[in-house]
Amino acid sequence: MKYPVTVYGDPLLRKKAQTIEKDHPKLDEIIENMWETMYYSDGVGLAAPQVGLSIRLFVIDASSGADEEPELEGFKKVFINPQIIETKGDEWTMNEGCLSLPEIREDVDRPDEVTIKYLDENFEEHTETYKGFAGRVIQHEYDHLEGILFVDYLSPLRKRLLKSKLIAISKGKVRPHYRIKVPR
């Protein structure tokens with residue numbers, strides 16, 4: 001089942017998501033639906049708050065970056081209750097977009113490397129370090145669990161210039177090819 005994507009303006013996107021337990025109701029179904037929603041929406045990552053669920057869960061398929069970073073071939077992971085342990089390295093700029101901010105893309109600076117501790121879909125614990133595209137996507141999706149959106153990293157001037165677009169999104173005056181859930 002494809003979820004509608006919660007868009008800018010919904011207070012849920014600004015809440016810190018809650019930790020989940022192994023017996024969380026219908027967790028396997030939620031994960032499967034998140035994959036389906038992400039692929040249908042042409043995303044590389046999707047966090048639970050983006051589909052109206054305030055839980056600490058995100059999915060990533062960064063294999064689209066394998067042309068430039070061969071180690072990303074087959075990179076498809078579920079992150080449950082993740083904790084960023086450390087970010088380090090030089091900050092680098094990349095143009096980012098977000099399914100919750102349709103029609104907006106902006107350059108965002110992020111550290112090159114992230115170390116993250118998380119549980120996979122089998123609730124097995126991992127601590128891993130990622131660089132490049134995978135590291136960036138992980139940081140972006142993790143931010144959703146903390147109530148942070150990529151536009152929060154922009155300069156005050158850039159945010160002012162985007163204000164009318166952000167208002168349009170919050171009123172549902174955008175037409176992405178996927179279903180959206182507009183704030184009431």
Side-chain angles (χ1 to χ4, degrees), residues 3-22 24 27 30-31 33-35 37-38 41 43-62 75-102 104-121 123 125-156 158-159 162-163 166 169-170 180-183:
Y3 293 122
V5 175
T6 302
V7 295
Y8 181 85
D10 191 311
L12 180 73
L13 292 175
R14 295 306 194 166
K15 273 179 69 177
K16 189 169 182 171
Q18 300 300 306
T19 301
I20 57 178
E21 301 299 324
K22 190 174 188 173
H24 187 84
L27 184 58
I30 291 168
I31 292 168
N33 291 341
M34 285 180 64
W35 284 123
T37 302
M38 184 193 80
S41 306
V44 294
L46 185 68
Q50 293 181 272
V51 294
L53 302 170
S54 188
I55 57 175
R56 296 188 74 76
L57 163 67
F58 62 82
V59 297
I60 291 176
D61 184 343
F75 186 103
K76 181 179 175 181
K77 291 181 179 273
V78 174
F79 294 78
I80 298 172
N81 298 333
Q83 294 175 273
I84 287 184
I85 306 297
E86 179 182 33
T87 57
K88 67 180 184 181
D90 294 332
E91 290 208 348
W92 59 289
T93 304
M94 185 175 173
N95 193 259
E96 291 189 21
C98 180
L99 298 176
S100 293
L101 294 156
I104 294 180
R105 295 197 63 85
E106 290 292 326
D107 289 344
V108 177
D109 294 333
R110 293 190 188 268
D112 180 51
E113 186 175 299
V114 61
T115 301
I116 189 165
K117 182 170 132 183
Y118 68 97
L119 302 170
D120 64 21
E121 62 273 25
F123 271 75
E125 188 175 298
H126 303 269
T127 301
E128 298 166 346
T129 300
Y130 297 98
K131 290 183 174 188
F133 185 63
R136 174 163 297 266
V137 177
I138 287 168
Q139 290 175 70
H140 177 109
E141 298 307 330
Y142 183 86
D143 278 350
H144 280 297
L145 306 185
E146 298 295 311
I148 299 167
L149 299 172
F150 82 86
V151 291
D152 297 338
Y153 293 101
L154 303 177
S155 72
R158 194 66 205 135
K159 283 188 220 174
L162 287 172
K163 187 174 182 179
L166 294 170
I169 292 168
S170 70
I180 60 173
K181 179 179 170 254
V182 178

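The first residue in the sequence is number 1, and the count goes up from there.
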Does the side chain of T6 reach to within under 4.5 Å of the side chain of V51, using non-hydrogen atoms? no

Testing the basics here: between L154 and K159, what is the closest heavy-atom pair and its distance to 0.1 Å? O-CE, 3.2 Å

Between V108 and R136, which heavy-atom pair has the shortest distance, and what is it? O-NH1, 3.1 Å

Quick one: CG on L119 to CZ on F79, what's the gap to the nearest 0.5 Å? 11.5 Å

Any donor-acceptor pair under 3.5 Å linking the side-chain atoms of T93 with those of D109? yes

Go through M94 and D107 one step at a time and tell me if the side-chain contact (heavy atoms from CB on, under 4.5 Å) criterion holds. CA-CA 5 Å; M94 185 175 173; D107 289 344; over 6 Å; no

For Q50 and S100, which I'm curious about, is there any donor-acceptor pair between the side chains at under 3.5 Å? yes

Are the side chain of N81 and the backbone N or O of I20 linked by a donor-acceptor pair below 3.5 Å? yes

Minimum heavy-atom distance between L13 and Y8, given as atom pair plus value: CD1-N, 3.8 Å

Do the non-hydrogen side-chain atoms of V44 and F133 ever get within less than 4.5 Å of each other? yes

Please examine the side chains of P111 and D90, heavy atoms only from C-beta on, and report whether any two atoms are closer than 4.5 Å. no

Minimal heavy-atom distance between M38 and D61, with the atoms involved, is CE-CB, 3.7 Å

N95, CG atom: more than 12 neighbouring heavy atoms under 6.0 Å: yes

Which one of S170, C98, P183 satisfies the side chain to side chain contact (heavy atoms under 4.5 Å, CB included) criterion with V7? P183

Point-to-point distance, once rounded to the nearest 0.5 Å, from CG of L101 to CG of L166: 6.5 Å

Residues passing the side chain to side chain contact (heavy atoms under 4.5 Å, CB included) test with K117, sequence neighbours excluded, are Q83, I85, E125, T127

Results of ring pair (Phe, Tyr, Trp, His ring centres under 6.0 Å) for W92 - residues two or more places apart only: none

Between E106 and L162, does the side-chain contact (heavy atoms from CB on, under 4.5 Å) criterion hold? Intermediate values first, please. CA-CA 10 Å; E106 290 292 326; L162 287 172; 3.6 Å; yes

Indicate yes or no: at least one non-hydrogen side-chain atom of H144 is less than 4.5 angstrom from one of I148. no

Could you report the tightest heavy-atom contact between F58 and I138, atom names first, then the distance? CZ-O, 4.1 Å

Taking it one step at a time, do I80 and L27 satisfy side-chain contact (heavy atoms from CB on, under 4.5 Å)? CA-CA 10 Å; I80 298 172; L27 184 58; 4.1 Å; yes

For E128, all residues meeting side chain to side chain contact (heavy atoms under 4.5 Å, CB included), sequence neighbours excluded: K77, Y118, H126, Y130

Nearest heavy atoms of L99 and V5, plus distance in Å: O-CG1, 3.6 Å

Is there side-chain contact between D10 and K181, with heavy atoms separated by less than 4.5 Å? yes

Please say whether more than 12 non-hydrogen atoms of neighbouring residues, nucleotides or ligands are located less than 6.0 Å from NZ in K76. yes

Is atom NZ of K15 surrounded by more than 12 heavy atoms (other residues, nucleotides or ligands) closer than 6.0 Å? no

Do the charged groups of E146 and R56 touch, with an N to O distance under 4.0 Å? yes

Would you say the side-chain atoms of N33 pair up with the backbone N or O of I30, donor to acceptor, closer than 3.5 Å? no

Side-chain heavy atoms of P4 within contact of I180, under 4.5 Å: no

R110 vs Y153, side-chain contact (heavy atoms from CB on, under 4.5 Å): CA-CA, chis, key distance, verdict: CA-CA 9 Å; R110 293 190 188 268; Y153 293 101; 3.7 Å; yes

Could you measure the distance from the CG atom of L57 to the CD1 atom of I55? Nearest 0.5 Å is fine. 5.0 Å

Ignoring hydrogens and geometry, is there a side-chain-to-backbone donor-acceptor pair from E141 to A47 under 3.5 Å? yes

Is the shortest side-chain heavy-atom distance between T87 and Q139 below 4.5 Å? yes

For the atom pair CD1 (I60) and CE (M34), what is the distance rounded to the nearest 0.5 Å? 10.0 Å

